[in-house]
Every structure is written in structure tokens, then in C-alpha cells.
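Lettering of chains follows the sequences in order, A, B, ..., and the numbering in each one begins at 1.
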Protein chains: 2
Amino acid sequence: MFKQPECDTCSSRLSTCLIELAPLQVLEVSQEKHSQLYTRNSYIFAEGQYPRGIYCIHKGHVKISKIGPDGREHIINFAGTGDVVGYSSLLSAETYSISCIAVQDSSVCLIPSEIFFRNIRENPLMALHVMQHLASEVRHTRRRIVELTHKSIRERVAEALLIMKEAFGVDSDGITLRSPLTREEIAGIVGTAPESVIRTLSEFRSDKLIATNGRSIQLLNIRGLVHVANIQS
Amino acid sequence: MFKQPECDTCSSRLSTCLIELAPLQVLEVSQEKHSQLYTRNSYIFAEGQYPRGIYCIHKGHVKISKIGPDGREHIINFAGTGDVVGYSSLLSAETYSISCIAVQDSSVCLIPSEIFFRNIRENPLMALHVMQHLASEVRHTRRRIVELTHKSIRERVAEALLIMKEAFGVDSDGITLRSPLTREEIAGIVGTAPESVIRTLSEFRSDKLIATNGRSIQLLNIRGLVHVANIQS
DNA sequence: GAGAATAAATGACAATCATCAGGGTCTTGT
DNA sequence: ACAAGACCCTGATGATTGTCATTTATTCTC
């Protein structure tokens, strides 16, 4: 164990449904939560387990993924500092249909089910916040369905790079992706084989859209990538 | 206009979040709702429009779909008698990211935004009901992502037939799908071209999994279809 | 119920993508 | 720092699937 963070002074709380809580409830959450460090590639929770609460990312980045029928990992999305994961399985009262895995060393707080349910029952604002979160997740996931089903690998790889930029940001040089993902994990975003990702990245390199250096990727021409990705609306 | 149904005696209400309402609120909803008939292929709402409430399917079947970057319709899912659609865009306070279209002549009631929001604010049980609905929608949509991305056309067409069976049921003969969908619409479920669906259905016919008669499809061997579909968990 | 419009079906072909194999390079953990 | 392992990259090949064209069958509309 390490020093447990305090929720009342935690800036991550302010971007979650916990912002709606009164000071007394914040204190209770702070006392009842369990904070834990996860190293890269360790599970916060796994498909098939029973939910024990919601997880608030205090610091770091995680991936939400699901193993496909072919045994390959599909990355549904990412969450980072200030995001909450695990609503949907907890609310469905079923085992996790997804896994949550740290992609960087991360500090994550578990807020136990009872506390969560009591608060959404007693606090309409927090309930509304959760509903809005779920609603935007539904919308996002639906859009992803159409993108993954109706776009070429080339389009989807370009989009994956933009998703990674959104999720991890870029270095101080302004172009190097702060992403620890392997080519195989990028393939998990795109929904394809690692070789196809590598090949497409090589094309992008020829087209001067990106540069690469081992695992790290520099985005040289973001407008070009947006164009290749063929983003809608 | 035609005779407006009454919510208090409507059995569809009992399968929705409106089941949580007290009699007085049911009465209010019943007075404020707008019921309307939609013929096949007419829009209940369309991508880009502003939500005006939630829609409760009193009788009939609708599809929830989205136009892909290639201009093809992708069918996200179906809703039928006793289902409610339109939560996510209303809660996100954005324009619809999907369209809702009648696939049969259907009677659908619009419950205005104000009534919906007032009730979820004042009724924690109804709020919880909506959260659970959204949660299971998130789970379903995520599973769909993986299925669509990692399965072959053959697997996905088999699955589409099972989805249609679930959504529309079968005739009194026990095998004929009660589905009004064209091959192109089935292609919209599968995420492929109509020709590929037709070809795969021909294969299934050779394999004695189905029989066809114009648009109508008989499921001869459901266990076989389940096997081909390669359903997980 | 007849004609027009729409949809189903099939063939041929091209393009995309997955798979397998192999060599080189980078990362990681001690 | 070093060694072992993991990962990146490329080539060759075959299977799957999308596209275009055409014929036949079915549905819809008046």
C-alpha cells in the first residue's frame, strides 16, 4: 500500500459524477474507496469477474478491451486521468463483458458498489450525470460500429492515430505521440492484424504523414491524417 | 389523427422505465404524449434532428440505423412493441446521431422532454431504470463492435438471421421469419454489400440451413445457424 | 390483376486484407 | 550493460469480399 489520495482535494473528482456530491458524501467516498497502483499491462478488472464498484482513474491511462472470437484483443476505448470506468457492468448487475488494463503505470481508486448506488439513489444530479455519461458512451460506441464496419484499414489506421493523439497527447516537441502502445495494440484499435497496421504505417511514412522511431510515432501532417481517416460530420 | 392510446392500460408501458411511475404521473404522461402512426420506411426521427422526447413503441417494429461514410445504411439494432428509443441523444442534448425508421406500419408515442426529465429527476427508481437500460445498451453495442470487426461475412449473416428471429419472431409454422427486411437491409445489419448477403444465403440454402421464397426466409436448422454464427459466451 | 418498379440472384473480375515465414531491431528486466 | 525476449518490418501468397453487369423473379401500385 501507498499513501491514499484524498477525494476532497482530488482534481480528478471534478470531471466525474462525484462532482455532484455534497462535502459530507465526498468525505465518505474518500474513506471507503481503495486506491491502488497498477503497472503497465496489469488488470484493473477482467472479463467474467463480478464488479465490485466503479473505478476512478486518479492518474495514468487504461484501455477497455474485449477478446474477440478469433482470440484477438479488440480495444473499445481508452480512459485516462479523471475518467471513471465500470459503470455499465455494475449497473447491469452482470459480470464484466470487458477488461480494463493499465497501458501505463496508473493509480486507480475503487469506489465500492454500495456507496455508488446509495449516492445515485439519493442524489438526482449525480444520477443524471451518470446517465449522460452512459448516453455519450452509447453514441460513441455506435459511431465506432459504423466506422469499423464501413471503412478501409487505411482509413481506420489513420483514425487510430488520431484517437491515440486524443487519448495520450503529444510530447513537448508537439509531434511525438505519448503512446506506449505496441503495433499489436494499435491493431486492436483498428480491428486488424498487426502486419496490416505495420504496412499501413509504412505507407504513411512514405507519404510523409508520420515518422517512426522504434515504437514511437511522430505525427507530421495531422490535416493529412484527418483527410485519410475520412472523418464524418 | 386516430384514437390516442391510454398509458394506464397500455401493456407496453410495463416493460419500460414508465413502469416506475405513480398513477398520477402515468395520467400526466398519457395526456402529454403524442401518438402517431408510421407506415413502413417512414422516419420516427432522423440523424441531425433535435430530440423532442423519447419514443415508446406502442405497436410495431423500428430499426435504429446510421448512414456510413460509404453512404450505406448500417442497422445498429431493432426495437419493437414495448421498447423505448431515443434516450441517448436526448440525454446528450445533441442532435440525433442515428435515425429511427419504421420497418412495419407502427404506432409510436412521443413523450416530451420536459415530462421525461422531470420524472427522472423526481423518481430515483425511474432514473435507475433508465441507467440500466443505457448500461445494457452499452454492453450490447460493444459486443456488436467485436462481432462485426472480427467475424467473417458468413458468420455475421448467420448471426443476422438469429437477430432477426429475436426481433421479429417466426410465423405459426415455427420456421418462417416474420421479417419485412429486404436483402439490402440485411446487408445493413451485417455491414456488407447486398450481393454478399444473397450469396451467403444461397450457401445456407445449399447447406439446408434455410429455405427462401422471395423475400421470406425459413429457418430450417437453427442449431446449425448458431454454430455457423460462432456465438461467444 | 396487370404493368412497372424494385429486388433477388448469379457470374466474372479486381482489390483488399489475412496469413505464414524470416530477418533485423528495439525494449526490458536483471 | 547485457542478454533474452519481444516486437517491428517486409515479402509472397491465397482467400475473402466488394464491384459491376445482367438476367430473372417478386413486390408494389394503381
J.: If you walk 5' to 3' along DNA chain C, what is the first nucleotide with an atom under 4.0 Å of a heavy atom in chain A, and what is the last?
T.: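 So the contact region on DNA chain C extends C:dC17 to C:dT28.
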J.: Salt bridge or not between B:Arg156 and B:Glu159? Use side-chain N to carboxylate O under 4.0 Å.
T.: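 No, this pair does not count.
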J.: B:Leu177 versus B:Leu161: any side-chain heavy-atom pair under 4.5 Å?
T.: yes
J.: Can you tell me the distance, in whole Å, between the CG atom of A:Leu201 and the P atom of D:dC8?
T.: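 Rounded to whole Å, this separation is 10 Å.
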J.: What's the CZ-C1' distance between B:Arg154 and D:dT16, to the nearest Å?
T.: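 That distance rounds to 13 Å.
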J.: Rounded to the nearest 0.5 Å, how far does CG of B:Leu209 lie from CG of B:Leu219?
T.: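 B:Leu219 atom CG to B:Leu209 atom CG measures 9.5 Å (nearest 0.5 Å).
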J.: Counting any heavy atom closer than 4.0 Å, what does B:Ile198 reach on the DNA or RNA strands: base, sugar-phosphate only, or nothing?
T.: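 Here B:Ile198 touches the bases of the nucleic acid.
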J.: Which atom names give the shortest non-hydrogen contact between B:Pro51 and B:Thr95, and what distance separates them?
T.: CD-CA, 4.2 Å
J.: Could you list all the salt bridge (charged side-chain N to carboxylate O under 4.0 Å, His left out) pairs where at least one residue sits in residues 54-63 of chain B, not counting sequence neighbours?
T.: B:Lys63-B:Glu73, B:Lys63-B:Glu185
J.: Please produce a list of atom pairs where a protein N or O lies less than 3.5 Å from an N or O of nucleotides 19-25 of chain D.
T.:
{"from": "D:dT19", "atom 1": "OP2", "to": "B:Arg72", "atom 2": "NH2", "distance (Å)": "3.2"}
{"from": "D:dT19", "atom 1": "O4", "to": "B:Arg199", "atom 2": "NH2", "distance (Å)": "3.0"}
{"from": "D:dC20", "atom 1": "N4", "to": "B:Glu195", "atom 2": "OE2", "distance (Å)": "3.2"}

J.: Does any non-hydrogen side-chain atom of A:Arg52 lie less than 4.5 Å from one of A:Leu110?
T.: yes
J.: Grab the NZ-P distance between A:Lys151 and D:dG18 for me, whole Å please.
T.: 17 Å
J.: Under the criterion side chain to side chain donor-acceptor pair (under 3.5 Å), which of B:Lys66, B:Arg72, B:His74 is the partner of A:His150?
T.: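 Running side chain to side chain donor-acceptor pair (under 3.5 Å) over B:Lys66, B:Arg72, B:His74 with A:His150 returns exactly one hit, B:His74.
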J.: Taking the side chain as every heavy atom from C-beta outward, state whether A:Glu137 and A:Thr141 have any pair of such atoms under 4.5 Å apart.
T.: yes
J.: Is there side-chain contact between B:Ile217 and B:Ser179, with heavy atoms separated by less than 4.5 Å?
T.: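 Answer no - side chains too far apart.
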J.: What closest approach, in Å, do A:Leu148 and A:Ile189 show between heavy atoms, and which atom pair accounts for it?
T.: CD2-O, 3.9 Å
J.: Taking only residues at least two apart or on different chains, which pairs with a member in residues 219-229 of chain B satisfy side-chain hydrogen bond (donor to acceptor under 3.5 Å, both in side chains)?
T.: none
J.: Can you give me the N/O atom pairs linking the protein to nucleotides 1-7 of chain D at distances under 3.5 Å, or say none if there are none?
T.:
none

J.: So do A:Phe204 and A:Thr212 actually touch side chain to side chain, heavy atoms under 4.5 Å?
T.: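 In short, these two side chains do not touch, never coming nearer than 4.5 Å.
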J.: Between A:Phe78 and A:His61, does the ring centre distance come in under 6.0 Å?
T.: no
J.: Roughly how bent is the helix from C:dG1-D:dC30 to C:dT30-D:dA1 end to end, in steps of 10 degrees, with each end axis from five pairs?
T.: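 Answer for the end axes of this duplex: 80°.
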J.: For B:Ser202 and A:Ser216, take the nucleotide of DNA chain C holding the closest heavy atom to each; which residue's nucleotide lies nearer the 5' end?
T.: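 First, find each residue's nearest nucleotide; the 5'-ward one identifies B:Ser202.
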